[in-house]
Structures are given as C-alpha cells and as structure tokens.
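One structure is given here, and the rest of the page talks about it.
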Amino acid sequence: QVQLVESGGGLVQAGGSLRLSCAASGSIFSIYVMGWYRQAPGKQRELVASITRGGTSNYADSVKGRATISRDNAKNTVYLQMNSLKHEDTAVYYCNAHLVSGPWSGYWGQGTQVTVSS
C-alpha cells in the first residue's frame with residue numbers, strides 16, 4: 001500500500017511557473033515508476049510526465065520543453081516543474097505510483113488544482 005499527497009497547485013498567470021510536489025509513504029521501496037496526470041473539466045485524465053526509479057523520464061508532447069519531472073529518493077517525493085504555463089494547462093493534477101506486482105491502475109493521490117489565467 002502506498003499513500004500519495006500532492007501539493008503546490010494554485011492560480012498563476014499565463015507565462016508563469018509552478019512546482020508541484022508528491023510525497024509518498026508506505027511501501028515506497030516497491031515503487032518502480034511514478035507519474036503526473038491531469039484532468040480538465042469534460043476531458044479524460046491524461047499522462048503529463050513519468051519517471052522511473054532509475055531516473056528515466058518521459059513527457060506528453062503538449063508539455064515538452066516546458067515541464068520537468070524529478071525525483072528525490074531521500075525525501076520520497078516527486079516534483080513537476082512547469083514553466084511558460086498556458087490556459088490549456090488548467091486542470092486537476094494527480095500523482096500516481098505503480099508498484100512491483102501491484103494493481104493495474106496503481107495508487108493515486110487526491111489531486112491538486114492548477115488554474116492558469118488567460
């Protein structure tokens with residue numbers, strides 16, 4: 001079992017920056033990949049970025065060049081730094097963790113709201 005708590009969301013102006021944090025607790029040594037997803041009103045949840053235990057990351061095309069995912073294993077925390085924010089980035093952002101031999105959907109945090117003014 002893994003518990004995830006997101007923080008760092010808020011209201012920002014277009015062109016601004018934001019750093020989201022996801023703190024993990026529980027069976028953290030069983031986690032092999034963590035990611036950030038987002039869901040805008042009326043749209044499906046989509047992957048924004050992910051990072052493996054070994055540090056390999058990948059990004060959605062919509063945020064490439066603007067987002068950076070990082071992992072601090074000492075703090076059991078994953079970060080998502082987003083720059084040059086656009087109105088289209090407005091969504092609830094969720095942290096996700098997959099465990100070795102864990103459930104298909106992984107574990108989810110409660111989400112943090114990001115609103116970008118146009």
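From a predicted model like this one, the values you see are computed outputs, not experimental measurements.
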Checklist entry - How far apart are the closest heavy atoms of Ala40 and Ala91, and which atoms are they? => result N-CB, 3.8 Å

Checklist entry - So, for Cys95 and Met34, which heavy atoms are closest and what is the spacing to 0.1 Å? => result SG-CE, 3.7 Å

Checklist entry - About how many Å separate CG of Asn83 and OG1 of Thr68, when rounded to the nearest 0.5 Å? => result 6.5 Å

Item to check | Smallest separation among heavy atoms of Gln1 and Gln3, with atom names | outcome: CG-NE2, 3.0 Å

Item to check | Check: Ile69 main-chain N/O paired with Tyr59 side-chain donor or acceptor under 3.5 Å | outcome: yes

Checklist entry - What is the minimum heavy-atom distance between Val92 and Gly111, and which atoms define it? => result CG1-CA, 4.0 Å

Checklist entry - Could you give the distance from CG (Leu4) to CG (Asn76), rounded to the nearest 0.5 Å? => result 11.0 Å

Next on the checklist: Parallel, tilted or perpendicular, judged at 30° and 60°: which one describes the rings of Tyr32 and His98?
Outcome noted: tilted

Checklist entry - Going hydrophobic residue to hydrophobic residue with side-chain gaps under 4.5 angstrom, can you get from Val116 over to Tyr94? => result no

Item to check | Shortest non-hydrogen contact between Ser21 and Thr77, atoms and distance | outcome: CB-CG2, 4.3 Å

Item to check | Verdict with reasoning, Trp36 to Val78, per side-chain contact (heavy atoms from CB on, under 4.5 Å) | outcome: CA-CA 9 Å; Trp36 284 95; Val78 170; 3.7 Å; yes

Checklist outcome for this item: For Leu11, the other hydrophobic cluster members (4.5 Å side-chain criterion, sorted by chain and number) are none

Checklist entry - Would a distance-only check, ignoring hydrogens and angles, find a side-chain to backbone donor-acceptor pair under 3.5 Å from Asp89 to Ser84? => result no

Checklist entry - Can you check whether Thr112's main-chain N or O pairs, donor with acceptor, with Glu6's side chain at less than 3.5 Å? => result no

Item to check | Partners passing side chain to side chain donor-acceptor pair (under 3.5 Å) against Ser62 (at least two apart in sequence or in another chain) | outcome: Arg38

Next on the checklist: Quick check for you: to the nearest 0.5 Å, what is the distance between Asn96 atom CG and Tyr107 atom OH?
Outcome noted: 11.0 Å

Next on the checklist: Less than 4.5 Å apart, side chain to side chain, heavy atoms only: is that true for Glu46 and Gln44?
Outcome noted: no

Checklist entry - Would you say Gln13 has more than 12 foreign heavy atoms packed within less than 6.0 Å of its CD? => result no

Next on the checklist: Under a 3.5 Å distance rule, please check whether Arg53 uses its side chain to pair with a backbone N or O of Ile31 as donor and acceptor.
Outcome noted: yes

Next on the checklist: Under a 3.5 Å threshold, yes or no: a donor from one side chain and an acceptor from the other, between Ser50 and Asn58?
Outcome noted: yes

Checklist entry - If you take all heavy atoms of Ser17 and Val12, which pair is closest and at what distance? => result O-CG1, 4.0 Å

Item to check | Over-ring placement of Arg45 relative to Tyr37, 6.0 Å and 45° cut-offs | outcome: no

Item to check | Val100-Val33 co-clustered via ILVMFWY side chain contacts under 4.5 Å | outcome: yes

